[in-house]
Number of protein chains: 2
Amino acid sequence: MPRGLRMRHLAMGPPWWHGRFHGAGFRITIPREAILEVLSKTQKHLSAEEIYLAVHRLHPAVGLTTVYRTLELLVHIGLVFKFDFGDSRARYELSSGPKGARHHHHLVCTACGRVIDYTDFIDEEVELLQQTEKGLAKKYNFKITNHLIQFYGLCDKCRSKE
Amino acid sequence: MPRGLRMRHLAMGPPWWHGRFHGAGFRITIPREAILEVLSKTQKHLSAEEIYLAVHRLHPAVGLTTVYRTLELLVHIGLVFKFDFGDSRARYELSSGPKGARHHHHLVCTACGRVIDYTDFIDEEVELLQQTEKGLAKKYNFKITNHLIQFYGLCDKCRSKE
DNA sequence: TTGTTAATGAAAACCATTTTCATTTATTGA
DNA sequence: TCAATAAATGAAAATGGTTTTCATTAACAA
Ligand SMILES: [Mn+2]
Ligand SMILES: [Mn+2]
Ligand SMILES: [Zn+2]
Ligand SMILES: [Zn+2]
């Protein structure tokens, strides 16, 4: 028996997100495992095709259609965030890992497309957002579930090229 | 001589945005006039096709291609904002009128797609944003030129249908 | 008015995403 | 363990908003 594998399996247990799937009545499949694997191993904001290419290395049978469908599902159950950074394709990012949230917003360079995650000033932001959300909810009778904040400008490198 | 017309013309002068065009070396054309006319007469967030249809009533010769090209130009020179509210087509809005800015952000209903402009809490927001932008500019050496804030949730009507 | 060149419109191309449909596979309960 | 069943998948085609191409038109400086 391959001891290493056995031990690793025992030590790891099923991935933390299995519960989310079973709970919602969805099946755990190789494409889904692979896509979550890819997303959990990067800090980047990958497009559907980039995810497809990464998955394709280990699982050449997985198709781009399935990547799109899986991403839609993951967004739907809240495991993944979908963003538009203005490059005419959707970008995806794991919403949080097993350890918990890592809430952040984005800085987008309008020249080269670079995207920077930032977590500074989040505290003040969160406070303002809560206040704003409360006020808006009352005034417009809106039930706010989410928000999007992005800053646009020129990054370090593109600034010096001006 | 049609006195009414003459007087109106004298009273109005050339539209306020003509200067912006000439200054940037762009020509003033019927399609461009018509598109700005449409945008200045609505509070809605129109799609390219909706603008095209509205322009088409008075100027049937104007094509959809020109609408796209003009909108791109208007966004480029800062007269128009382009938004993505998640309905898979861009939405456009005049950035400000002759009287000055009317800065606002958006509340988007994820059920029916309704978009509400809001201007409340903008003061506090602006303060936080300035602070945040300053901090981010320093930390990441980013030159911030713009920001996007949107809240998502369920509107009045969609809430009661749940 | 005229010459230059930007702007335009129709049609075709583009391309990220979605749909279709026949096939495969995860799950369940006998 | 093994069918039964419905969910999930992959290939190919379709979709639809947007962009490109290219011949024609028109803004405007001289
Ligand atoms: Mn991010
Ligand atoms: Mn608005
Ligand atoms: Zn850059
Ligand atoms: Zn609604």
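In this text the structure is predicted, and so the values were computed from the model without any measurement.
- Following chains of ILVMFWY side-chain contacts shorter than 4.5 Å, one can reach A:Ile116 starting from B:Ile144, so the two form part of one hydrophobic cluster.
- Per the geometry, CD belonging to A:Glu49 stands 14 Å off P belonging to C:dT18, to the nearest Å.
- Aromatic ring pairs are classed by plane angle as parallel below 30°, tilted from 30° to 60° and perpendicular above 60°; the pair A:Phe83 and A:Phe85 is parallel.
- Note: CD (B:Glu72) to C1' (C:dA7) measures 13 Å, nearest angstrom.
- Taking atom CG of A:Leu73 as the reference point, atom C1' of C:dA26 lies 15 Å away to the nearest angstrom.
- A:Leu58 shares a hydrophobic cluster with no other residue; no ILVMFWY side chain has heavy atoms under 4.5 Å from its own.
- For the pair B:Ile51 CD1 and D:dT18 P, the computed distance is 10 Å after rounding to whole Å.
- For A:Tyr152, there are no ring pair (Phe, Tyr, Trp, His ring centres under 6.0 Å) partners two or more places apart in sequence or in a different chain.
- Distance, B:Arg89 CZ to C:dT17 P: 15 Å, rounded to whole Å.
- Among pairs with a residue in residues 59-81 of chain A, none fulfils ring-ring contact (aromatic ring centres under 6.0 Å, His included), at least two apart in sequence or across chains.
- Following rounding to the nearest Å, A:Asp84 (CG) and D:dG17 (P) show an atom-to-atom distance of 16 Å.
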Write out a two-atom table: protein N or O, nucleotide N or O from nucleotides 10-14 of chain D, distance below 3.5 Å.
unit_1 : atom_1 : unit_2  : atom_2 : d
D:dG10 : OP1    : A:Ala61 : O      : 2.8
D:dG10 : OP1    : A:Val62 : N      : 3.3
D:dG10 : OP2    : A:Gly63 : N      : 3.1
D:dG10 : OP2    : A:Thr66 : OG1    : 2.2
D:dG10 : O5'    : A:Ala61 : O      : 3.4
D:dG10 : N7     : A:Arg69 : NH2    : 2.5
D:dG10 : O6     : A:Arg69 : NH1    : 3.2
D:dG10 : O6     : A:Arg69 : NH2    : 3.4
D:dA12 : N6     : A:Thr65 : OG1    : 3.3

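- Under a hydrophobic-cluster definition in which Ile, Leu, Val, Met, Phe, Trp and Tyr are linked whenever side-chain heavy atoms come within less than 4.5 Å, directly or via other members, B:Ile51 and B:Leu64 are assigned to the same cluster.
- Under the rule for a side chain to side chain donor-acceptor pair (under 3.5 Å), the partners of A:Glu125 that lie at least two apart in sequence or sit in another chain are A:His105, A:Tyr118.
- Counting non-hydrogen atoms under 4.0 angstrom, A:Ser47 reaches nothing in the nucleic acid.
- Per the geometry, CD belonging to A:Glu50 stands 16 Å off C1' belonging to C:dT17, to the nearest Å.
- The side-chain contact (heavy atoms from CB on, under 4.5 Å) test with B:Leu79 is passed by exactly one of B:Leu71, B:Leu74, B:Leu39, B:Leu73: B:Leu74.
- Residues satisfying the side chain to side chain donor-acceptor pair (under 3.5 Å) test with B:Arg20, not counting sequence neighbours, are none.
- Whole-Å rounding puts the A:Asp87 CG to C:dC15 P distance at 14 Å.
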Restricting to nitrogen or oxygen on both sides, can you table the protein-nucleotides 26-30 of chain D pairs closer than 3.5 Å?
unit_1 : atom_1 : unit_2  : atom_2 : d
D:dA27 : N3     : B:Arg27 : NH1    : 3.1
D:dC28 : OP1    : B:Ile28 : N      : 3.0

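- Partners of B:Lys82 by side chain to side chain contact (heavy atoms under 4.5 Å, CB included), not counting sequence neighbours, listed by chain and number: B:Val75, B:Ala90, B:Tyr92.
- Within residues 32-39 of chain A, no residue places a heavy atom under 4.0 Å from DNA chain C.
- Applying the side chain to side chain donor-acceptor pair (under 3.5 Å) rule to A:Lys139 yields the partners B:Asp120; only residues at least two apart in sequence or on another chain are considered.
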Anything under 3.5 Å between a donor and an acceptor, one on a side chain of residues 41-49 of chain A, the other on a protein residue two or more places apart or in another chain? List them.
unit_1  : atom_1 : unit_2   : atom_2 : d
A:Lys41 : NZ     : A:Glu37  : OE2    : 2.7
A:Thr42 : OG1    : A:Lys44  : N      : 2.9
A:Gln43 : OE1    : A:Arg102 : NH1    : 3.4
A:His45 : NE2    : A:Glu93  : OE2    : 3.2
A:His45 : NE2    : A:His106 : NE2    : 3.1
A:His45 : NE2    : A:Asp117 : OD1    : 3.0
A:Ser47 : OG     : A:Glu50  : N      : 3.2

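- OP1 or OP2 of C:dT18 has not a single side-chain nitrogen or oxygen of A:Tyr68 nearer than 4.0 Å.
- Recorded end-axis angle for the helix from C:dT1-D:dA30 to C:dA30-D:dT1 stands at 40°, based on five pairs per end and rounded to 10 degrees.
- B:Ile30 and B:Val67 fall into different hydrophobic clusters, where Ile, Leu, Val, Met, Phe, Trp and Tyr side chains are chained together by heavy-atom contacts under 4.5 Å.
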